[in-house]
There are 2 protein chains.
Amino acid sequence: MPVINKQKTTKSTNQSRNSEATRNQLLDAAEAEFAVTGLIAARMEAIAAQTGVTKATIYYYFQSKEELYQAMLERCLVGMLGLAEQLQLDCLPPDAALVKLLATMLQCMSENPHVGSILCLEAVQNKGKYYPKQLGNILYGTIIEILERGMLSGAFRQLEPRHTAVNIVGTCSFYFTAQENLKYLWPGKRLLGKELLQSHTQESIDLIMAGVRN
Amino acid sequence: MPVINKQKTTKSTNQSRNSEATRNQLLDAAEAEFAVTGLIAARMEAIAAQTGVTKATIYYYFQSKEELYQAMLERCLVGMLGLAEQLQLDCLPPDAALVKLLATMLQCMSENPHVGSILCLEAVQNKGKYYPKQLGNILYGTIIEILERGMLSGAFRQLEPRHTAVNIVGTCSFYFTAQENLKYLWPGKRLLGKELLQSHTQESIDLIMAGVRN
DNA sequence: AGTTTATTTAACTAAACGGTCAGTATAGCT
DNA sequence: AGCTATACTGACCGTTTAGTTAAATAAACT
């Protein structure tokens, strides 16, 4: 393995002995691996190799495969919720708030295609055993609030907010989670390319907004 | 599944010696196992045990784990497409056709919760390697046709049919695929129970129809 | 310099898994 | 009855994998 910049420089950022950096790199690699395989089928060896360390190093930072998985899952959701909070949707009218949230969710999914797969695999394989329900409910709570505000203001039609919130998240995830099955619909085009991504974003927002508006 | 005995023998139909039945049982068990674990993590031993035979018996019927998986995946999709064909949606106006198709898809997903997970896992884990694209395109083709007819007749607004079709399928799958993550939204209720299922179906159809109508 | 402490490794174990094989039991045929 | 093709089993093999151990290396602190 290529050890770069082994000695030299009083700059103390020697990555190969930087505990925090190694930990984060391990979580990155774990995210990539778990996103494809899920918890059970993930290979610790692969995560180690991806990080450029040995398997034993993982066990220096994490007690077990399970614990590594939980840490990765939590970091994943916390990161996504952080984005949602920054939007300050309460200040916007429900209509604009939902558009903004939709755009952000779609962008988030496209920039980190792992997160959709990870949550999907967590549900299917682990039956939600490690799903941090509090964090999850915050996301759905945000959508539900907007929908309720919209119904009160008359901007949205009368709808059941929870079912609608689920359908909204479903719409925002499916294109990315199932992309490998969907690619045959656009032969020769990249689903995550600029063109398709832009049109998909527009179409999804249009569909949902038309679906909830009065 | 009633197994018809080919001959009248002293002992009544010995199921454990019925080749076709065993094969189907194996595919059933494989479906249940693969739907939770995906291809890689599935345990042949578990599939055998579920069927009530030994592991070697699986290899009597299927060459490998991979072949068993492919057979199961194909049977899965063929079964679902059979339902869609029976609907004869071409005879209906686009509006009614889409409602009928949505209702059928949602019912199909609720009756066989495996199918959504299987397709999701196929995309995420295997990157669509075994996805029978011809079969898959038939389903999307059906939706796209209806949408195009609706735009021509003026019943539906101008939309991009492929993206919309993907979003429709996403809406119809997500509730079932991600149910284990979603259950916290309805504490104490069963997501596949009559009450929630009925309201979810209604809400989903309403959302999509409002989303596409002019 | 030397000693301690944090970080990483190679080598290993025990269990699990996919797949094989030689052989057994049964049904149908002549 | 004996023969043959079909359906199935139990024991086994080689490989892979999560997790462990003791030792090595590098940084930090006297």
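Within every chain, numbering begins at 1; the chains are lettered A, B, ... in the order of the sequence lines, protein sequences first and strands thereafter. Given the structure is predicted, the values throughout are model-derived calculations rather than measurements.
- Contact annotation for B/A48: no contact, since no heavy-atom pair falls under 4.0 Å across all strands.
- For A/Y61, the listed nucleotide lying nearest its side chain is C/dT7; candidates were C/dG19, D/dA18, C/dT7.
- Atoms OH (B/Y69) and C1' (C/dG18) sit 17 Å apart, rounded to a whole Å.
- The nearest whole Å value for the distance from the CG atom in A/N24 to the C1' atom in C/dT7 is 16 Å.
- A distance-only check finds a donor-acceptor pair linking the side chain of A/E122 to the backbone of A/Y131 [under 3.5 Å].
- Comparing D/dT9, C/dT9, C/dT8 by their closest approach to the side chain of A/V53 singles out C/dT9.
- Here D/dA18 is the nucleotide among C/dT9, D/dG10, D/dA18 with the atom lying nearest to any side-chain atom of A/R43.
- Residue B/Y60 places at least one side-chain N or O under 4.0 Å from the OP1 or OP2 atom of D/dA7.
- We find that CD of B/E66 is positioned 16 Å from C1' of C/dC17, with the value rounded to whole Å.
- Checking C/dG18, C/dC17, D/dT20 against the side-chain heavy atoms of B/Y59 singles out C/dG18 as nearest.
- What separates CE of B/M44 from C1' of D/dC12 is a distance of 17 Å, to the nearest Å.
- Rounded to an integer number of Å, the gap from CD of B/E45 to C1' of D/dA11 is 12 Å.
- Taking atom CZ of residue B/F62 and atom C1' of nucleotide D/dA7, one finds them 14 Å apart after rounding to whole Å.
- In terms of position on DNA chain C, the residue among B/I40 and A/A56 whose nearest nucleotide sits closer to the 5' end is A/A56.
- Although no hydrogens or angles enter the test, the distance criterion places no donor-acceptor pair under 3.5 Å between the side chain of A/T177 and the main chain of A/F174.
- The separation between A/Q63 atom CD and D/dA18 atom P is 17 Å, rounded to whole Å.
- Residue A/A46 is out of contact with every strand shown, counting any heavy-atom pair closer than 4.0 Å.
- Atom CD of B/E67 and atom C1' of C/dG18 are 15 Å apart (whole Å).
- When each of C/dT8, C/dG19, D/dA7 is scored by its nearest atom to the side-chain atoms of A/T57, the top-ranked nucleotide is C/dT8.
- Of the possible donor and acceptor atoms, one in the side chain of B/E203 sits under 3.5 Å from a partner among the backbone N and O of A/E160.
- Under the 4.5 Å side-chain criterion, counting only non-hydrogen atoms from C-beta, B/L197 is not in contact with B/L106.
- When distances are taken from the side chain of A/S64 to each of D/dT9, D/dG19, D/dT6, the shortest belongs to D/dG19.
- A/K65 places a side-chain N or O within 3.5 Å of a backbone atom of A/A42 that can act as its donor or acceptor partner.
- Here B/T22 reaches the OP1 or OP2 of D/dC8: one of its side-chain N or O atoms lies under 4.0 Å away.
- Residue side chain A/K55 reaches the base of D/dG19 through a donor-acceptor N/O pair under 3.5 Å, judged by distance alone.
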